[in-house]
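The first residue of the sequence shown is numbered 1, and numbering continues consecutively from there. Just so you know, ligand 1 is whichever comes first in the structure, and atom 1 is the first atom listed for that ligand.
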Amino acid sequence: MSSFKVQIFGAGALGSLFGALIQHAGFEVHFVARGKQLEALKKSLRVEGLRKMELKVDVSDKAVDADVTFVTVKAYDTEEAAKSLAKVDPGVVCSLQNGIGNEEILAEHLDNVVGGVTTYGANLKDFGVVVFAGEGVTYIGEFKGKGIEKVERVLKDSGINVEVVEDIKEKIWEKAVVNSVINPITAIFRVKNGEILRNEFLWEIAKKTAKESEEVAREVGYEINAVEAVKIVAEKTAENISSMLQDVMKGRKTEIDFINGVIVKEGEKRGLDVCYNSFLWRAVKAIEKVRG
Ligand code: KPL
């Protein structure tokens, strides 16, 4: 197996978890990281939670040649990741990111791109320490070029639940619609995901936003029962601090442009009313400015 190389481009919570599971399964793995996470990973990568392990990992701040590369950077860093990967031979490149449009950006620079969405839960407890917070499903689907079977094999052999779907964009939209509700509301009101269901005022905003996002998705071509989907995810992740709230609390940029921002633009193009998405988008941008 050692001649088959997997690269994790972006060693945040999800990248670190998947990279650890893949390396633990016997694959050769290279992590691309930066800053304090890079320094921590040079010592070790520890996984806590559902599974526990401590690994010595191969890490640098540069992309290398690989057979399969998973891109797990924040959506606003996709362009930079794509340009770095275009300088080497990254093999089949699979996006496992939040938001809409990552695959399109990767495909502008790379030949073989697979789309992906995952519901696995992971939190970065500290630099070099990731908590495995919940098993989920990873959906992958062809986007550009070839090689999806290599991606499927790596995930399957690593014990990661994987499903190959016909239209990955449908799964990407499904996740983005749920994120368009839970992420900005939790980030603005500083609450855990479950509070959206418990607080009458927040639930009213959530329902209105969900209906609006659902309407945009329908016009784009995807039928999603958004209110129900938000209910299910908020219940299942009730104790989670959403990724957007984590970003806001750390004074980091959020992925709002790639979630509500895209929904607003797609809705406006079609003459739809997107006032709730627009409000949430602008509110999170204002928070970013104040804290950034
Ligand atoms: O995907 C998520 C996120 O935080 O980005 C949810 C599903 C809302 C879980 O927290």
Side-chain angles (χ1 to χ4, degrees), residues 10 12-18 49-50 70-78 95-102 115-125 130-140 160-161 168-199 202-203 205-207 209-210 213-214 217 224-250 252-263 276-277 280-281 283-284 287-288:
L14 187 82
S16 299
L17 173 65
F18 273 31
L50 287 186
F70 291 100
V71 176
T72 45
V73 296
K74 294 278 186 185
Y76 46 78
D77 283 330
T78 306
S95 161
L96 288 179
Q97 301 167 268
N98 269 341
I100 304 164
N102 292 300
V117 164
T118 187
T119 61
Y120 271 70
N123 303 306
L124 213 53
K125 185 172 163 185
V130 64
V131 180
F132 189 168
E135 209 121 32
V137 183
T138 299
Y139 300 99
I140 57 169
I160 295 167
N161 299 324
I168 190 62
K169 288 201 71 173
E170 185 171 12
K171 291 289 174 201
I172 291 168
W173 268 86
E174 266 174 33
K175 183 160 191 224
V177 162
V178 170
N179 287 146
S180 77
V181 179
I182 297 179
N183 291 25
I185 294 177
T186 53
I188 295 163
F189 295 97
R190 310 286 165 107
V191 292
K192 287 184 175 175
N193 295 356
E195 196 58 25
I196 287 182
L197 302 171
R198 288 191 285 266
N199 182 301
L202 297 185
W203 183 235
I205 304 175
K207 278 193 295 191
T209 311
S213 299
E214 177 181 302
I224 298 158
N225 185 343
V227 174
E228 195 51 31
V230 167
K231 223 188 240 176
I232 292 168
V233 175
E235 255 162 28
K236 242 177 125 173
T237 64
E239 286 308 307
N240 269 31
I241 295 175
S242 75
S243 57
M244 197 167 284
L245 176 53
Q246 289 185 46
D247 288 340
V248 161
M249 288 190 314
K250 287 179 182 154
R252 287 191 310 228
K253 199 170 164 183
T254 74
E255 295 181 295
I256 194 85
D257 292 346
F258 295 84
I259 304 171
N260 303 71
V262 173
I263 290 174
Y276 280 89
N277 273 282
L280 294 173
W281 184 20
V284 173
I287 293 172
E288 276 182 6

Notebook entry, point to check: Given Thr119, Asn179, Asp247, which one has a non-hydrogen atom that is nearest to atom 6 (C) of ligand 1?
Noted result: Asn179

Notebook entry, point to check: Of all the atoms in ligand 1, which lie at a distance below 4.0 Å from a heavy atom belonging to Val233?
Noted result: 7 (C)

Next item on the list: May I ask you to say whether Arg198 pairs ionically with Glu195, meaning some side-chain N is under 4.0 Å from a carboxylate O?
Entry: yes

Next item on the list: Please report the closest heavy-atom contact between Gln97 and Ala75, naming both atoms and the distance.
Entry: NE2-CA, 4.2 Å

Next item on the list: Write out the residue and atom name of the closest protein heavy atom to atom 10 (O) of ligand 1, then the distance separating them to 0.1 Å.
Entry: Asn193 ND2, 2.9 Å

Let me check something: any side-chain donor-acceptor pairs from residues 227-237 under 3.5 Å, sequence neighbours excluded? List them with distances.
residue	atom	partner	partner atom	Å
Thr237	OG1	Asn193	ND2	3.0
Thr237	OG1	Val233	O	2.7

Check: So which bit of Asn183 gets within less than 4.0 Å of ligand 1, heavy atoms only: side chain, backbone, both or neither?
Finding: side chain

Checklist line | Results of ring-ring contact (aromatic ring centres under 6.0 Å, His included) for Phe18 - residues two or more places apart only | finding: Tyr120

Checklist line | Per-atom contacts, ligand 1 versus Ser242 - under 4.0 Å to a heavy atom | finding: 4 (O), 10 (O)

Item checked: Proximal ligand 1 atoms for Asn98, defined as those under 4.0 Å from one of its heavy atoms -> 5 (O)

Margin query: At less than 4.0 angstrom from any non-hydrogen atom of Lys175, what atoms of ligand 1 do you find?
Written below: 1 (O)

Notebook entry, point to check: So do the side chains of Asp257 and Trp281 get within less than 4.5 Å of each other, counting heavy atoms only?
Noted result: yes

Check: Hey, which atoms in ligand 1 end up nearer than 4.0 Å to a heavy atom of Ile182?
Finding: 8 (C)

Note to self: Can you see whether Thr78 engages Asn102 through a side-chain donor-acceptor pair at a distance of less than 3.5 angstrom?
What the structure shows: yes

Next item on the list: Just need the protein heavy atom nearest to atom 4 (O) of ligand 1, so name the residue and atom and give the distance.
Entry: Ser243 N, 2.8 Å

Notebook entry, point to check: Counting only N and O atoms by type, is there a donor-acceptor contact under 3.5 Å from the side chain of Glu255 to the main-chain atoms of Met244?
Noted result: no

